[in-house]
*Asks:* 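The structure follows.
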Amino acid sequence: MAAITVDDVRAAHKLLSGVSRATPLEGSRYLSGLVGSPVHLKCENLQRTGSFKIRGAYVRISGLSPQEREAGVVAASAGNHAQGVALAASLLGVRSTVYMPVGAPLPKVAATREYGAEVRLHGQVVDETLAAAQEYARETGAVFIHPFDHPDIIAGQGTLGLEILEQCPEVRSIVLGIGGGGLAAGVALAVKTLRPDVKVIGVQAAGAACYPPSLEAGHPVAIESLTTMADGIKVGRPGDVPFRIVHELVDEVRTVTEDELSSALLLCLERAKQVVEPAGASPVAALLSHPETFEGPVVAVLSGGNVDPLLMQRVLRHGMAAAGRYLSLRLRLTDRPGALATLLGVLSEADANVLDVGHVRLDPRLGLTEVEVEIQVEAKGPEHCAEVSAALRAAGYYVIA
């Protein structure tokens, strides 16, 4: 494939005028305080279809020949790419078929259909879905639209880098999530060509980090285990085309834990008032993890906001627990009237709000007159959690966990 240049990104930027949105750049006082210099959030979660994917998908489909357009396009995705392809194809008058995993969140399936695609549910994992879409392309002649491994896709995603330079010319570091590498490659190509002094830092989930071993090996390496809530960057192997650009131009790739991702999502919601999916919150997770290591001003790309409400509910609980806002305890009490009321009184004095209480009476480890209580309380942070536990022990309770 021909090499991609900043002129390709500029052409994509012109093509996308009136199609994609120039998303806002919002300052974050909280993150700025942590980093010690200005931090801005590039809100691609407010983009059309809820993520940056419309940029690359539209550029890729608009470049098809009349014959290719007549044959239609096909894609495989669990969410963001599906919606980007569906809308782009609809805007260009091209028939689209999108394969999604059987377990894909219903809101994402519904949105993809509403954008005009025929949705086919196939496979339990994305690899099976991808294989089905590629087989469909071979059988029908439809053009397969890869989510990241194509120059047009990379050029389209790179328009986000041009916007950042226009909106924040003083930027010193750009932090963004990496899955297959299309966004990172496009942004790095645009930014490093025009401003080589700006650092581009990629972020992956620790449980699905294919780039660190690939960069070490000097070529794309597939990883077998993929375990993360951040499905938007849950990719087992870098794309060949973006990898070459990432290897050459991206300054660093970091990893973040699931606790850090959920804490970042919670922070985006509470402090920035932004609904962001776990993959979109990954740059914020990196900033929270090691704020002192970033040179500012910093732009963190919130790459998407298409989070399933049920996942959001679980992630928020996880994030609140990681932030010390939930405390789960198991205690042994004497099984007598008023024992639970006395325990609740101690928790009330410690200013801990009780959320749930459960009793275990049939465990053989318990004494004849003992009962085990599982209790969840709402706390105010790690220090308050420690104070609550200390108050219970001071009152004579045996705290198991």
*Asks:* Check whether E374 reaches the backbone of L329 with its side chain - one donor and one acceptor, N or O, closer than 3.5 Å.
*Replies:* no
*Asks:* Under 3.5 Å, is there a donor-acceptor pair between the side chain of Q204 and the main chain of C210?
*Replies:* yes
*Asks:* Output, in order, the C-alpha distance, side-chain angles, deciding distance and verdict of side-chain contact (heavy atoms from CB on, under 4.5 Å) for R95 and V73.
*Replies:* CA-CA 6 Å; R95 185 179 69 259; V73 298; over 6 Å; no
*Asks:* For P283 and V203, work out which heavy atoms get closest and say how close.
*Replies:*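 Here P283 and V203 meet closest at CA-CG2, 4.2 Å.
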*Asks:* Would you find a donor on one side and an acceptor on the other, under 3.5 Å apart, between the side chain of R195 and the backbone of V171?
*Replies:* yes
*Asks:* Hey, does T255 have a side-chain heavy atom less than 4.5 Å from the side chain of P212?
*Replies:*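 Contact flag for P212/T255 side chains = yes.
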*Asks:* Are any of the side-chain nitrogens in D240 or R237 under 4.0 Å away from the carboxylate oxygens of its partner?
*Replies:*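 So D240 pairs with R237 through a salt bridge.
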*Asks:* Would you indicate whether the side-chain heavy atoms of V246 and P238 approach each other to under 4.5 Å?
*Replies:* no
*Asks:* Roughly how far apart are E44 CD and L176 CG, rounded to 0.5 Å?
*Replies:*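 Going from CD on E44 over to CG on L176, the span is 11.0 Å.
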*Asks:* Between R10 and D7, does at least one N-O distance fall below 4.0 Å, as a salt bridge requires?
*Replies:*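 Answer for the salt bridge query: yes.
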*Asks:* What are the two closest non-hydrogen atoms of I233 and G177, and how far apart are they?
*Replies:*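 It is CG2-C, 4.3 Å.
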*Asks:* Examine distances only and state if a side-chain atom of E68 and a backbone atom of S65 form a donor-acceptor pair shorter than 3.5 Å.
*Replies:*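 Yes.
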*Asks:* Using the side-chain contact (heavy atoms from CB on, under 4.5 Å) rule, take V175 and V299 through it: C-alpha gap first, then chi angles, then the decisive distance, then the call.
*Replies:* CA-CA 6 Å; V175 192; V299 172; over 6 Å; no
*Asks:* Check step by step if side-chain hydrogen bond (donor to acceptor under 3.5 Å, both in side chains) holds for S51 and Q83.
*Replies:* CA-CA 9 Å; S51 86; Q83 294 174 64; over 6 Å; no
*Asks:* As an exercise, state the distance from CG of L16 to CG of L160, rounded to the nearest 0.5 Å.
*Replies:*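 L16 CG to L160 CG: 11.0 Å, rounded to 0.5 Å.
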*Asks:* Working to the nearest 0.5 angstrom, can you tell me the gap between E270 CD and Y30 OH?
*Replies:*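 If we round to the nearest 0.5 Å, E270:CD and Y30:OH are 10.0 Å apart.
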*Asks:* When rounded to the nearest 0.5 angstrom, what is the spacing between CD1 in I61 and CG in L92?
*Replies:* 6.5 Å
*Asks:* Pick one: which of V85, V98, D152 meets side chain to side chain contact (heavy atoms under 4.5 Å, CB included) with I145?
*Replies:* V85
*Asks:* Please evaluate residues K42 and Q167 with respect to the criterion side-chain hydrogen bond (donor to acceptor under 3.5 Å, both in side chains), reporting the C-alpha separation (whole Å), side-chain torsions for both, the decisive distance (0.1 Å), and the verdict.
*Replies:* CA-CA 10 Å; K42 178 61 171 168; Q167 294 170 321; 2.9 Å; yes
*Asks:* Is the side chain of R69 donor-acceptor paired with the backbone N or O of S62 at a distance under 3.5 Å, no angle test?
*Replies:*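 Such a contact is found between R69 side chain and S62 backbone.
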*Asks:* Looking at R172 and E170, is any side-chain nitrogen of the basic one under 4.0 Å from a carboxylate oxygen of the acidic one?
*Replies:* no
*Asks:* Has the side chain of Y211 got a donor or acceptor atom that lies under 3.5 Å from a matching backbone atom of G180?
*Replies:* yes
*Asks:* Donor-acceptor check, side chain of S28 to backbone of V39, threshold 3.5 angstrom: yes or no?
*Replies:* no
*Asks:* Is the count of non-hydrogen atoms from other residues, nucleotides or ligands lying under 6.0 Å from K199 atom NZ greater than 12?
*Replies:*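 For K199, atom NZ is not crowded (no more than 12 foreign heavy atoms under 6.0 Å).
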*Asks:* Which is it for E277 and N45 under the side-chain hydrogen bond (donor to acceptor under 3.5 Å, both in side chains) test, yes or no, and what are the steps along the way?
*Replies:* CA-CA 8 Å; E277 61 191 274; N45 57 309; over 6 Å; no
*Asks:* To the nearest 0.5 Å, tell me how far I178 CD1 sits from F243 CZ.
*Replies:*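 Nearest 0.5 Å value for the CD1-CZ distance: 10.5 Å.
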*Asks:* Answer whether the closest heavy-atom distance between the side chains of Q134 and V74 falls below 4.5 Å.
*Replies:* no
*Asks:* Is the number of heavy atoms from other residues, nucleotides or ligands within 6.0 Å of CD (E135) greater than 12?
*Replies:* yes
*Asks:* If you compare all heavy atoms of V19 against all heavy atoms of L15, which two are closest, and at what distance to 0.1 Å?
*Replies:* CG2-O, 4.1 Å
*Asks:* What closest approach, in Å, do V200 and V250 show between heavy atoms, and which atom pair accounts for it?
*Replies:*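 Nearest heavy atoms, V200 then V250: O-CG1, 3.4 Å.
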*Asks:* Taking CG in L106 as the centre, count heavy atoms belonging to other residues, nucleotides or ligands within less than 6.0 Å. Is the count above 12?
*Replies:*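 No - once you tally the heavy atoms of other residues, nucleotides and ligands closer than 6.0 Å, there are 12 at most.
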*Asks:* Identify whether the distance between the nearest side-chain nitrogen and carboxylate oxygen of R55 and E163 falls below 4.0 Å.
*Replies:*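 Yes, this pair counts.
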*Asks:* Do T140 and T97 have side chains that approach each other closer than 4.5 Å (heavy atoms only, starting at C-beta)?
*Replies:* no
*Asks:* Please report the shortest heavy-atom distance between V235 and L226, naming the atom on each side.
*Replies:* O-CD2, 3.8 Å
*Asks:* Taking side chain as C-beta onward, heavy atoms only, is N80 less than 4.5 Å from F52?
*Replies:*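 N80 does not reach F52 side chain to side chain.
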*Asks:* Between H384 and A350, is there a donor-acceptor pair closer than 3.5 Å when you use the side chain of the first and the backbone of the second?
*Replies:*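 Side chain of H384 to backbone of A350: a pair is present.
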*Asks:* Identify the heavy atoms of D149 and G239 that sit nearest to each other, and give their distance.
*Replies:*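 Looking at all heavy atoms of both residues, the shortest contact is OD1-C, 3.5 Å.
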*Asks:* Please walk me through it: do L392 and L343 pass side-chain contact (heavy atoms from CB on, under 4.5 Å)?
*Replies:* CA-CA 8 Å; L392 290 170; L343 169 62; 3.5 Å; yes
*Asks:* Indicate yes or no: at least one non-hydrogen side-chain atom of I4 is less than 4.5 angstrom from one of L189.
*Replies:* yes
*Asks:* Answer whether the closest heavy-atom distance between the side chains of L347 and V388 falls below 4.5 Å.
*Replies:* yes
*Asks:* Take atom CD of E252 as the centre, draw a 6.0 Å sphere, and report whether it contains more than 12 heavy atoms from other residues, nucleotides or ligands.
*Replies:*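 Yes, the 6.0 Å shell around CD holds more than 12 heavy atoms from other groups.
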*Asks:* Looking at CG of L121 and OG1 of T129, how far apart are the two atoms once the value is rounded to the nearest 0.5 Å?
*Replies:* 8.5 Å
*Asks:* Would the distance check show the side chain of E248 and the main-chain N or O of I245 forming a donor-acceptor pair, the cut-off being under 3.5 Å?
*Replies:* no
*Asks:* With a 6.0 Å cut-off (strictly less than), is the heavy-atom count around CD of E383, excluding the residue itself, greater than 12?
*Replies:* no
*Asks:* Is a donor on one side and an acceptor on the other found under 3.5 Å between the side chain of T293 and the backbone of H290?
*Replies:* yes
*Asks:* Using distance alone, with no hydrogens and no angle criterion, decide if Q376 and D356 have a side-chain donor and acceptor under 3.5 Å apart.
*Replies:*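 No, D356 and Q376 have no side-chain donor paired with an acceptor closer than 3.5 Å.
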*Asks:* Counting C-beta onward and ignoring hydrogens, is there a side-chain heavy-atom pair between K53 and Q47 closer than 4.5 Å?
*Replies:*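 Not touching, per the 4.5 Å side-chain cut-off.
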*Asks:* Could you please spell out the steps behind the side-chain contact (heavy atoms from CB on, under 4.5 Å) verdict for L288 and L31?
*Replies:* CA-CA 8 Å; L288 291 175; L31 291 173; 3.9 Å; yes
